[in-house]
Amino acid sequence: MQKTTRKPVNSFFKKIFVEAGTQVANYAIIFLISILIGALVIFLSGKDPIAAYKALWIGAFGNGLKFADTLDRSTVMILAGVAGALAFRTNVTNLGLEGQLYMGAFAAAWVGFSIHGLPSYVHIPLCLIAGCLGGAIWTLPVIYLKLRWNITELVTTLMMNYIGIRFTEYLIAFPFKDPTATLAGSPVLDASARLPKLMQGSTLNIGFIIAIAVAIFVYWFLFKSKTGYEMRMVGLNKDFAAASGIPVNRSYILAMTMSGAIVGLGGAIMITGFFGRFLGSFSSGYGWDGMMIALLAQNHPLGVLPASLFYGALANGALAMQSATGVPQTAVVMVKGSIMFFVTVTVFVPYIRRRLEKWVA
Amino acid sequence: MAEAISVNNITKTFPGVLANDRVSMEIEKGEIRAIVGENGAGKTTLMKILYGLYRPDSGDIRVKGEIVKLSSARDAISKGIGMVHQHFMLVPSFTLAQNIVLGVEPHKRVFIDEKALIEKVQRISDQYNLDVNVNKLTLNASVGEQQRAEILKALYRGADILILDEPTAVLTDIETKELFSMLRGLAKQGKTILFISHKLREVLEISDNTTVMRQGKVVGTVRTCETDDCELAEMMVGRETIGGRIRETPENREKDVVLNIENLSVLNSRDLLAVKNINLELHSGEILGIAGVDGNGQEEFVEALMGLRPALTGKISIDGQEVQEFSTRGIRESGVAYIPSDRYRSGVAVDAAIWENLITSEYYNKPYTNGMSLMMREINNLSDSLVKKFQVSTPGINVKAGNLSGGNIQRVIAGRELGLDKAKIVIASQPTRGIDISGTEAIRQMLVDYADRGAGVLLLSADLDEIIALSDRIIVFYNGKIYNAGFWYEGIRQVVGQLMTGGEGGCNAEDNAQTC
Amino acid sequence: MGGIDLSRIFTLSLFATTFRMATPVLFATLGGIFSSQAGIFNVGLEALLNIGAFFAVVGSVNTGSPVGGLLYAVVACVIACLFFSVVHLELKANAIIVGLAMNIFASGMTNYLLVTMLDSTGFYQSDLIIGFKTVEIPFIKDIPVLGDLLSGHFPLVYIAFFSVWLVYLILYKTPFGFHLRSVGENQDAAESVGINPKKMRYLSMILCGVFCGFGGSFLSLSYLTLFSEGMTAGRGWLALAAINFGEAKPVRSLIACLVFGFADALALRLQQFGLPSQVVLMLPYVSTLVVLLGSAIADERKRKALNAKHRSAETALT
């Protein structure tokens with residue numbers, strides 16, 4: 001049978017209004033539910049949710065310094081989120097961001113501590129490029145298994161996560177062990193490999209600007225460039241893209257490697273900007289955060305910016321909340337988790353749409 | 001004899017389609033009734049109503065004289081109606097016996113009673129003389145064996161009325177013969193069989209009576225022994241041309257071959273031969289109509305032409321250049337335009353804007369790109385002009401394609417494929433399926449214009465009227481092979497109709513396997 | 001490795017440790033088998049183990065008995081699974097994303113509750129946690145080799161291995177198991193004979209919760225009697241790998257779990273000798289990839305042979 005014939009587009013602007021209104025209302029519902037879940041948990045443990053959220057806000061945005069730290073927190077999330085968005089837009093389910101992050105971070109650290117005597121303006125770019133390469137290389141087995149053997153990246157990227165984490169652990173435990181370190185970590189990076197700070201007293205560094213630049217670049221790439229157009233068409237309808245002669249496999253390879261490179265860059269910035277050496281299990285799930293952020297931003301590279309800021313604020317404000325009100329900082333992890341629970345829920349959407357349509361008419 | 005099942009004035013509509021229009025028929029106990037008709041004639045809808053999967057808008061169903069309401073497959077089963085779907089409803093990793101009893105397994109306390117299970121299945125298999133290896137895994141069973149399991153599954157649940165939806169579509173000739181002898185046996189034991197098909201020769205061989213459907217209506221019911229394939233084909237496809245002939249074949253047929261296909265064989269997705277060693281020439285300035293019931297290899301044939309499916313053997317040449325190893329883009333750049341049959345699956349990306357759907361063959365060429373960026377001004381100009389030229393009704397080129405009606409989507413596709421007047425070969429697969437009259441006329445006219453300008457047009461359509469109205473020459477796909485119906489002439493319709501249903505093209509009463 | 005005596009690494013206790021290390025993974029695997037046989041790709045196993053481990057400790061402290069802890073863990077995991085099911089089956093959210101969300105949510109929740117319920121940060125150890133006692137099997141414990149290998153484990157180890165057989169029975173010998181598998185393999189077929197796919201998926205998730213509860217309580221109430229942040233250490237992902245490796249069949253997945261357990265045990269041992277245990281710990285994940293590749297290669301061989309047959313038949317025609 002034929003598909004349902006659609007209504008003629010008689011009132012285009014009403015339609016746009018309903019569409020946008022539905023989106024906004026849907027997000028509002030998701031955030032509200034998640035914040036309420038958080039509040040409920042805080043309340044049930046005998047604390048005041050409003051005081052806790054207030055402390056969180058002040059901790060994240062209370063003054064310039066705190067805001068700067070929040071921005072620093074969101075740097076790696078921006079990159080991981082953009083990486084996720086780029087892959088998901090092409091309908092490539094890269095669940096391996098975490099592993100790629102580790103590989104990128106280690107590659108950057110390696111260049112940072114093993115090459116000496118370079119000026120900063122050479123050493124830093126080398127580190128960052130190494131980070132990109134490290135992340136990208138980690139996607140190659142996934143690409144091979146998918147394109148040559150049609151094995152879904154869903155499983156392979158998950159497996160590569162742990163292989164990557166263990167592999168870097170091995171590297172810092174044996175070949176690149178720093179004998180002087182108390183924690184398992186690589187030797188300390190040369191000063192010439194460290195990213196310049198942007199603000200006295202804060203960890204905010206030039207990596208933040210790089211992250212924004214990458215987000216803008218990926219926006220341009222996806223929506224304004226020839227290759228990005230191809231990737232989006234593949235993501236929207238692979239059969240259509242194939243029948244139109246768009247190179248489907250090339251888009252897959254590009255989406256995967258670029259995604260790996262971008263999140264690898266995120267790892268490199270964490271190492272060269274924040275830690276100054278590679279540490280085992282340095283990432284508290286930034287790759288997973290990136291996936292959530294991408295989903296929250298509906299895979300839009302610029303939407304990733306506010307979403308990352310939100311996540312960065314949660315992470316940074318949580319600590320302040322804990323010390324001010326005694327509410328453990330992990331409460332925010334639950335808020336993040338619940339947002340993700342609902343982010344792909346679309347059951348509210350038709351309801352909201354109906355209401356809005358009625359209202360418009 | 002007693003009436004087993006009857007339907008009275010059944011009407012069923014889907015949005016925009018009248019699938020069943022006041023359908024009535026009565027089937028007696030022990031009868032084998034064939035229901036024939038082209039794609040979209042309404043057979044499958046009727047069967048789904050009988051099996052409780054669709055609810056009719058009006059009309060009633062009687063089983064053994066009693067009016068019944070069938071609102072689910074469960075209801076149908078409880079009334080003794082069983083269905084053998086064209087795509088088997090079997091779990092691959094189960095044994096055939098396990099599939100037969102699924103949902104009503106014999107058990108001892110919490111465990112399945114495997115001995116009783118095997119025995120019961122064996123007994124019913126013996127009773128109806130339907131031979132299956134009960135312990136074979138379904139994924140290892142032949143298609144014929146799986147089908148027997150499906151029939152047993154219905155019988156095991158107590159079905160007296162069996163509906164078989166195109167049961168021979170998936171069978172080899174030998175398996176078909178076996179199936180027919182089984183069906184005769186079942187009818188002899190008092191089972192009533194509804195047999196849906198469009199292969200007239202099989203219908204003539206197996207059925208007692210034949211009901212012909214066309215465009216949702218019952219054309220008539222005939223005693224099979226009193227008819228022949230000529231009569232049935234005529235009933236199926238109709239005598240008169242509904243749309244009228246649009247195309248005037250040019251006086252001087254050109255002889256340049258634009259597309260030459262030699263010994264082409266293609267596998268389908270299940271690794272079975274779908275296109276069997278065919279040879280074909282397409283001339284410039286010619287509209288070549290390809291008729292055939294869906295699933296006879298045309299789709300695979302087109303996909304192979306477009307580089308979307310590898311050719312197993314054979315050569316495809318465009319203007320003398322072999323292209324069978326080319327990518328889809330390479331083939332398109334050799335001058336092929338392609339309107340795919342399923343516009344929602346491979347014709348458009350519904351979530352992409354109209355302009356994004358319009359530029360897939362151009363975006364990588366100057367002036368639409370400088371090598372890196374898309375040049376939006378040029379792209380917008382191009383899109384606007386295509387939307388205008390092809391009369392796509394839309395407020396703008398930034399609207400998502402999915403917000404357009406089916407007809408407008410098809411105009412977008414036509415605009416993309418035909419708008420730049422570049423193609424030397426046009427492959428149009430179901431170009432007007434489900435489209436309003438003005439859209440249909442516009443697209444047909446475009447194809448004619450293309451041919452007049454010297455392009456070769458391959459027109460595939462399930463709508464025989466369209467083929468007859470437009471083609472200069474007609475071939476028919478049947479069972480992976482092509483049969484030549486020849487150049488268009490006033491009475492070609494009957495020949496095409498017969499070729500589509502497996503006839504040889506000549507009419508004679510001896511084709512009928514039965515005598516009264 | 002010239003200086004290291006291999007016989008000191010490959011001892012009997014290495015194999016006994018293998019059983020112990022395989023146990024939590026095995027429980028999670030068995031749970032995941034149910035959901036995956038019903039057609040839900042459950043990437044939330046790590047979260048479920050985490051929840052189970054935490055509530056086992058809570059239950060043990062509250063009731064003063066390890067069985068109470070086990071009960072708490074099972075109930076908590078079942079509730080988590082029901083939540084998963086509602087969001088996925090009723091609210092139609094993508095199962096993978098719900099699973100990932102659960103992983104994040106659970107790590108936050110356990111840590112949060114650790115502070116608010118047990119008043120500690122990141123780590124809780126106390127005499128109040130009553131763990132399981134090891135079981136000496138009479139007669140077998142006196143048999144020289146077998147005794148060291150099989151006797152003296154925690155009860156949950158025996159239950160885990162016994163459960164493989166149980167799961168096999170449920171899935172392959174009961175009507176319930178048949179219905180469950182039919183839903184996962186061919187939903188249309190199941191529906192056409194009146195099986196309710198949604199109901200079966202709910203039930204499969206409940207069973208998944210039960211087994212993960214067992215797995216979680218083994219982590220925190222047996223060999224170790226404590227809860228610490230991240231104590232699941234990727235075992236949920238390993239279970240996912242085992243399910244993939246074993247195509248969601250209980251016995252094949254058991255083999256994978258044993259291999260993974262052995263890798264874990266070997267890694268522990270190598271660590272003691274200052275050898276790279278991390279490489280060994282990569283093995284489970286690498287071997288999953290290798291198995292996936294191997295079966296893809298085998299499939300293609302079969303297809304190629306079939307195509308060659310077609311092709312020769314075709315050339316014979318021309």
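- Atom-to-atom distance recorded for B:Q98:CD and C:R181:CZ is 6.5 Å, nearest 0.5 angstrom.
- Around the NZ atom of B:K48, the shell of radius 6.0 Å holds no more than 12 heavy atoms that belong to other residues, nucleotides or ligands.
- With contacts defined as side-chain heavy-atom distances shorter than 4.5 Å, the pair C:F178/B:V91 does not qualify.
- Looking at B:H85 and C:D188, their side chains never come closer than 4.5 Å, going by heavy atoms from C-beta outward.
- Residue B:R157 touches chain C through its side chain alone, counting heavy-atom pairs closer than 4.5 Å.
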**Q.** B:L102/C:I195 under side chain to side chain contact (heavy atoms under 4.5 Å, CB included): CA gap, chis, key distance, verdict
**A.** CA-CA 9 Å; B:L102 180 64; C:I195 294 166; 4.0 Å; yes
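- Separating the CG atom in B:L139 from the CD atom in C:E185 is a distance of 8.0 Å, to the nearest 0.5 Å.
- Residue C:F41 places its CZ atom among more than 12 non-hydrogen atoms of other residues, nucleotides or ligands, all under 6.0 Å distant.
- Here B:P92 is the residue among B:P92, B:P106, B:G314 with the most heavy-atom pairs under 4.5 Å with chain C.
- Side-chain contact check for B:K153 versus C:S192: some heavy-atom pair is nearer than 4.5 Å.
- For chain C, no part of B:S72 is nearby; none of its heavy atoms comes within less than 4.5 Å.
- Here the side chains of B:E105 and C:H179 are in contact, with some heavy-atom distance below 4.5 Å.
- For chain C, the nearby part of B:Y51 is the side chain; its heavy atoms alone come within less than 4.5 Å.
- For the pair B:F111 and C:P175, the tightest heavy-atom approach, listed with the atom from each and the gap, is C-CD, 4.3 Å.
- Counting heavy atoms of neighbouring residues, nucleotides and ligands inside a 6.0 Å radius, atom NZ of C:K198 exceeds 12 of them.
- You'll find the side chain of B:V104 stays beyond 4.5 Å of the side chain of C:V193, heavy atoms only.
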